[in-house]
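Here the structure comes first, spelled out in structure tokens, and everything after it is commentary.
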Amino acid sequence: MDLFTIPGIPATRQDDKNILNKTVKKTKKVVAKVGKSLSERIANIKRSVEENLGEYKDKYDCIREENDLVKYIDLCVEKGICAIDTETTGLNPMLDDIVGFSLYTLGLKAVYIPINHIDYITNAKVNNQLSKEICKKQLQRLANNNVKLIMFNAKFDIRVLRHQIGVYLTAYWDGYIAQKLLNENEPENGLKALHKKYVLKNEKDAFAFSDLFEKITFNLVPINSGYIYAARDAEVTYELYTYQKQFLDPSNSKCIEKDLLEVSNVFWNIEMPLINIVADMEDSGIKVDLDYLNILSEKYNKLLLEKEAEFYKLCDKYSNKIEDYRRKNPNNKLGSMINIASSTQIAILLYDILGEKPVPRQPSRGTGEEVLKAMNNEFCQAILDYREVAKLITTYIDKMRNIINPEDGKVHCVFNQYGAATGRFSSQDPNMQNIPSHNKEIRKMFVADDGYVLMSSDYSQQEPKVMTQMCGDEKMLNAYRNGRDLYSEIASLAFNRTYEDCLEFYLDENGNKTDKTNKEGKEYRTQAKSILLGILYGRGIASVAEQLHTTKEKAQQIQDKIFKGFPAIQKFEEDSKNMAKEKGFVTTLWGRKRRLPNIQLPLYEFDFSNAKNNNFNPLDFENEQEEFIDYEAMDKYTRMMNRSYGRVAKEQVKAKARAEGIEIKDNGGYIADAERQCVNARIQGSAADMTKKAMILVGNDKELKELGFKLLIPVHDELIAQCPLENAKRCKERFANLMSIAAKDRLQVPISCDVEVTRAWYGDEIELEEI
DNA sequence: CAGCTATGCGCC
DNA sequence: AAAGGGCGCATAGCTG
């Protein structure tokens with residue numbers, strides 16, 4: 001896709017931004033108001049291109065005859081490799097149109113092939129463009145001849161070409177994915193920016209003048225101006241590939257030197273094969289039951305009004321106090337009515353008007369759920385009730401209607417397969433990974449196609465199992481091998497109880513689980529689980545204690561026992577931190593890296609440039625001067641910082657140093673953050689690898705394909721799919737089986753999945769025996 | 001008006 | 001003294 005973005009061009013064309021820059025809001029208007037007429041803006045574009053890119057006119061070509069395209073494709077086939085990039089009218093591969101595409105292969109000029117440009121004056125289609133049929137025929141030859149296709153954010157272009165041209169391509173290289181594997185912390189996301197940084201080494205780019213461009217969709221840009229830009233994109237995509245590939249080619253010495261062999265394995269065997277699977281999922285989409293959605297909407301909107309009314313009734317009750325505040329604070333931020341949705345105004349109400357005291361360990365003027373629950377105040381419940389309903393309506397109910405594709409009544413969300421730095425997926429438009437599960441009503445709006453059933457399969461205890469593998473502990477491994485519950489096993493050890501006494505349910509005489517809850521056992525299990533997950537998330541012991549409603553000492557005691565009984569857990573934690581400290585990164589089971597450079601920061605950094613005893617003369621260029629370091633002061637303040645506990649105390653030390661002209665930078669917080677991340681990143685990242693391997697195995701399975709089975713959504717440790725009702729039984733077996741064996745190459749812990757077959761997501765289970 | 005941060009909250 | 005990993009997205013409210 002077109003990763004190079006013309007800043008003036010609206011977000012609707014900046015497909016890269018959609019995926020790569022989460023802060024960008026999509027503009028609904030195709031042409032924004034900038035106070036100029038369309039023709040003026042286009043005249044501007046023409047002039048800018050003439051002025052800035054005149055010399056590049058001959059560097060790129062525009063293909064407007066079939067013969068020329070055939071010849072270019074001939075050469076791509078001959079070379080066996082080419083870069084490809086599409087231009088579209090917007091971000092939606094199904095609803096927006098392709099405007100043209102560009103190609104580049106070694107030894108040739110990059111070319112642009114216009115398909116759908118429109119004359120901005122007459123609104124008529126511009127002459128001498130190639131038809132979709134011709135393009136399809138030629139692009140198909142790339143696929144038929146296995147030409148290696150170089151792309152950037154390939155999934156988008158692949159989907160555009162599927163829907164708008166009817167050709168099914170597979171990327172050989174995706175520069176976006178490659179960049180994520182090479183440095184998931186890279187601040188630049190766009191093709192153009194990455195190219196400038198790594199290929200041009202930050203030298204000036206002739207094409208960077210594009211600030212001058214006005215907001216306009218690409219189909220309105222005159223071909224004679226636009227082709228230079230579009231063609232350039234393909235060339236830039238290729239050049240970035242040339243730079244990146246040396247690090248991800250296992251036969252290249254740079255790949256070995258930089259310790260990227262395992263990373264390249266993740267690239268070639270996990271991430272790249274996943275792209276088409278993800279494109280398939282986005283294309284499949286998931287059906288929304290509109291009638292049901294309308295019922296939900298009505299129900300919750302009514303509820304919202306009720307909750308709102310309750311809040312304002314309380315405002316009336318306290319109107320004296322509120323009015324009193326308004327009088328004393330004429331410049332207050334309260335509107336004529338207190339806005340229940342404004343955290344600022346709620347804070348004024350609670351802390352200034354009602355005189356509530358800050359809740360311990362919470363922001364001083366916080367109005368979050370924890371704070372509100374801790375206050376004994378009748379407003380709080382009303383606010384929480386309102387928020388709960390408002391969240392459901394705005395984020396999940398009303399939002400959904402705007403996203404449904406009118407052509408098929410489905411939502412086709414965008415999955416970012418490297419959305420999280422750990423390697424996890426993210427999802428947007430809508431985010432299918434945070435649909436409420438507690439409130440089953442919302443999930444039920446998602447249904448299978450007619451004649452189909454939904455099938456959701458989730459790994460049971462995926463993260464603890466990954467942790468077990470990484471600990472390499474026989475005791476833990478055996479618990480799983482013997483079909484025992486790890487949390488109960490750990491609890492048994494920590495609380496000196498038998499394993500059976502730490503189970504959530506009583507067993508019958510045959511040792512089978514009954515549905516009778518063992519209240520005490522459940523409690524032991526929960527405590528052990530919380531501690532273990534606390535370790536896994538790098539959570540502090542005080543915070544774990546709080547969650548368990550117990551004292552810090554008690555929680556520490558339990559943790560000590562767990563560490564003593566399962567020393568591998570503690571060792572894993574230490575090994576992970578040591579790995580990060582030595583190398584600056586941690587790795588997953590499959591070798592994906594999570595770089596944590598902050599862990600290598602010095603605890604304190606000193607700046608003596610303004611120190612009183614610094615004799616450095618910045619204007620003295622004659623004599624070589626060494627940077628001034630006052631080792632004595634450094635020592636003194638390091639000790640003082642280490643001795644002072646708490647933010648306030650540390651600030652005092654810093655202030656004291658500042659009085660001597662010494663600036664101290666305290667990196668303690670960053671280091672602690674990184675230490676927490678390094679344990680979690682290994683577990684979360686390995687689990688992500690595992691789910692991705694399963695997606696590839698399941699998504700490419702011939703039998704499942706023949707049975708009409710389709711993957712729909714990944715939710716971290718869970719895959720949602722659908723299949724025809726009559727094939728559900730077989731699909732269920734195969735689905736679960738493939739998922740459970742997908743990670744066998746590096747995961748010896750027995751893996752099992754819970755599969756549910758329903759009409760609606762989270763709906764009633766369909767008994768397959770009855771079919 | 002667009003773009004940004006802060007705050008809050010849904011999920012795994 | 002305090003200590004929760006990873007996301008997307010809503011509204012409020014500020015800024016240029």
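Between the OH atom of A:Y386 and the C1' atom of C:dA12 there is a distance of 12 Å, given to the nearest Å. At whole-Å resolution of the value, CG in A:L596 and P in C:dG5 are 12 Å apart. Taking atom CG on A:D398 and atom P on C:dC9, their separation rounds to 16 Å, with Å as the unit. Between the CG atom of A:L532 and the P atom of C:dG4 there is a distance of 17 Å, rounded to whole Å. Put simply, CE on A:M400 is 10 Å from P on C:dA10, counting in whole angstrom units. Going from atom CD1 of A:I531 over to atom P of C:dG5 covers 17 Å, rounded to whole Å. Going from atom CD of A:E675 over to atom P of C:dG4 covers 14 Å, rounded to whole Å. One interatomic measurement links the two molecules: CZ of A:R365 to P of B:dG8, which rounds to 11 Å at whole-angstrom precision.
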Scan nucleotides 1-3 of chain C against the protein and return all N/O pairs shorter than 3.5 Å with their distances rounded to 0.1 Å.
from	atom 1	to	atom 2	distance (Å)
C:dA3	N6	A:K552	NZ	3.0

Would you list the protein and nucleotides 14-16 of chain C atom pairs, both N or O, that sit under 3.5 Å from each other?
none

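Residue A:G366 is classed as a sugar-phosphate contact, given heavy-atom separations below 4.0 Å to backbone atoms only. Within the 4.0 angstrom heavy-atom criterion, only backbone atoms of the sugar-phosphate kind lie near A:Q345; the bases stay farther away. Across all strands shown, A:D458 has no heavy atoms under 4.0 Å from either base or sugar-phosphate atoms. Counting any heavy atom pair closer than 4.0 Å across all strands shown, A:Q677 reaches sugar-phosphate atoms only and no base atom. Residue-level contact check: A:R443 touches the backbone only, with heavy atoms under 4.0 Å from sugar-phosphate atoms and none from bases. The residue A:E463 sits apart from the nucleic acid: no heavy atom pair falls under 4.0 Å. If you check every strand for non-hydrogen atoms under 4.0 Å, A:A421 touches sugar and phosphate atoms only.
In this model, the phosphate group of C:dT11 is not approached by any side-chain N or O of A:T394 to a distance below 4.0 Å at OP1 or OP2. At the phosphate of B:dC9, neither OP1 nor OP2 sits under 4.0 Å from any side-chain N or O atom of A:T395. Regarding contacts with the backbone of C:dA12, every side-chain N or O of A:T344 stays at 4.0 angstrom or more from both OP1 and OP2.
When the nucleotides C:dC9, C:dA12, B:dT7 are ranked by their closest atom to the side chain of A:S343, B:dT7 comes out on top. Taking the side chain of A:S426 as heavy atoms from C-beta on, and the options C:dC7, B:dG10, B:dC12, the nearest nucleotide is C:dC7. Comparing C:dG5, C:dC9, C:dG13 by their closest approach to the side chain of A:S342 singles out C:dG13. When distances run from any side-chain atom of A:N680 to the nucleotides B:dC12, C:dG5, B:dG10, the shortest one goes to C:dG5. Side-chain proximity of A:R387 to the nucleotides C:dG6, B:dC9, B:dG10 is greatest for B:dC9. Residue A:N339 places its side chain closer to C:dA12 than to any other of C:dG5, B:dG8, C:dA12.
A search for salt bridge (charged side-chain N to carboxylate O under 4.0 Å, His left out) contacts involving A:K373 returns A:E369, not counting sequence neighbours. With sequence neighbours left out, the salt bridge (charged side-chain N to carboxylate O under 4.0 Å, His left out) criterion links A:R525 to A:D485, A:E504. Scanning for salt bridge (charged side-chain N to carboxylate O under 4.0 Å, His left out) contacts around A:D289 gives an empty result, with sequence neighbours left out. By the salt bridge (charged side-chain N to carboxylate O under 4.0 Å, His left out) test, A:K552 is found to be paired with no residue, residues two or more places apart in sequence or in another chain being considered.
Here the OH atom belonging to A:Y351 is positioned 11.0 Å from the CD1 atom belonging to A:I346, to the nearest 0.5 angstrom.
In this structure, A:K577 does not pair ionically with A:E574, as no charged nitrogen and carboxylate oxygen lie closer than 4.0 Å.
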Compile the donor-acceptor pairs under 3.5 Å between side chains in residues 531-542 of chain A and protein atoms, sequence neighbours left out, one pair per line.
from	atom 1	to	atom 2	distance (Å)
A:R539	NE	A:S543	OG	2.6
A:R539	NH1	A:Q547	OE1	2.7

Atom pairs and distances, side-chain donor-acceptor, residues 430-438 of chain A, under 3.5 Å, sequence neighbours left out:
from	atom 1	to	atom 2	distance (Å)
A:N431	OD1	A:Q433	N	2.8
A:Q433	NE2	A:P714	O	2.9
A:N434	ND2	A:Y396	OH	3.3

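Relative to the ring axis of A:F425, A:K692 places its NZ or CZ within 45° and under 6.0 Å from the centre. Figure legend: A:K465 and A:Y480 shown as a cation-pi pair, the cationic atom lying under 6.0 angstrom from the six-membered ring centre and within 45 degrees of its axis.
Residue pairs meeting the salt bridge (Lys or Arg N to Asp or Glu O under 4.0 Å) criterion with at least one partner in residues 584-594 of chain A, sequence neighbours excluded, are A:E184-A:R594, A:E271-A:R592, A:R592-A:D689. For the side chain to side chain donor-acceptor pair (under 3.5 Å) condition, no pair includes a residue of residues 336-349 of chain A, sequence neighbours left out.
A distance-only check finds a donor-acceptor pair linking the side chain of A:N185 to the backbone of A:R595 [under 3.5 Å].
Axis deviation across the helix from B:dC1-C:dG16 to B:dC12-C:dG5 amounts to 0°, comparing end segments of five pairs, rounded to 10 degrees.
Closest non-hydrogen pair, A:T526 versus A:L548, comes out as O-CD2, 4.4 Å.
Donor-acceptor pairing under 3.5 Å, judged by distance alone, is present between the side chain of A:R424 and the base of B:dC12.
The shortest side-chain heavy-atom distance between A:L392 and A:L304 does not fall under the 4.5 Å cut-off. Proximity of A:Y386 to A:E310: side-chain heavy atoms (C-beta onward) are nowhere separated by under 4.5 Å.
To the nearest whole angstrom, the two C1' atoms, one in B:dG10 and one in C:dA3, are 24 Å apart.
Taken residue by residue, residues 430-442 of chain A places heavy atoms nearer than 4.0 Å to DNA chain C at A:N431, A:N434.
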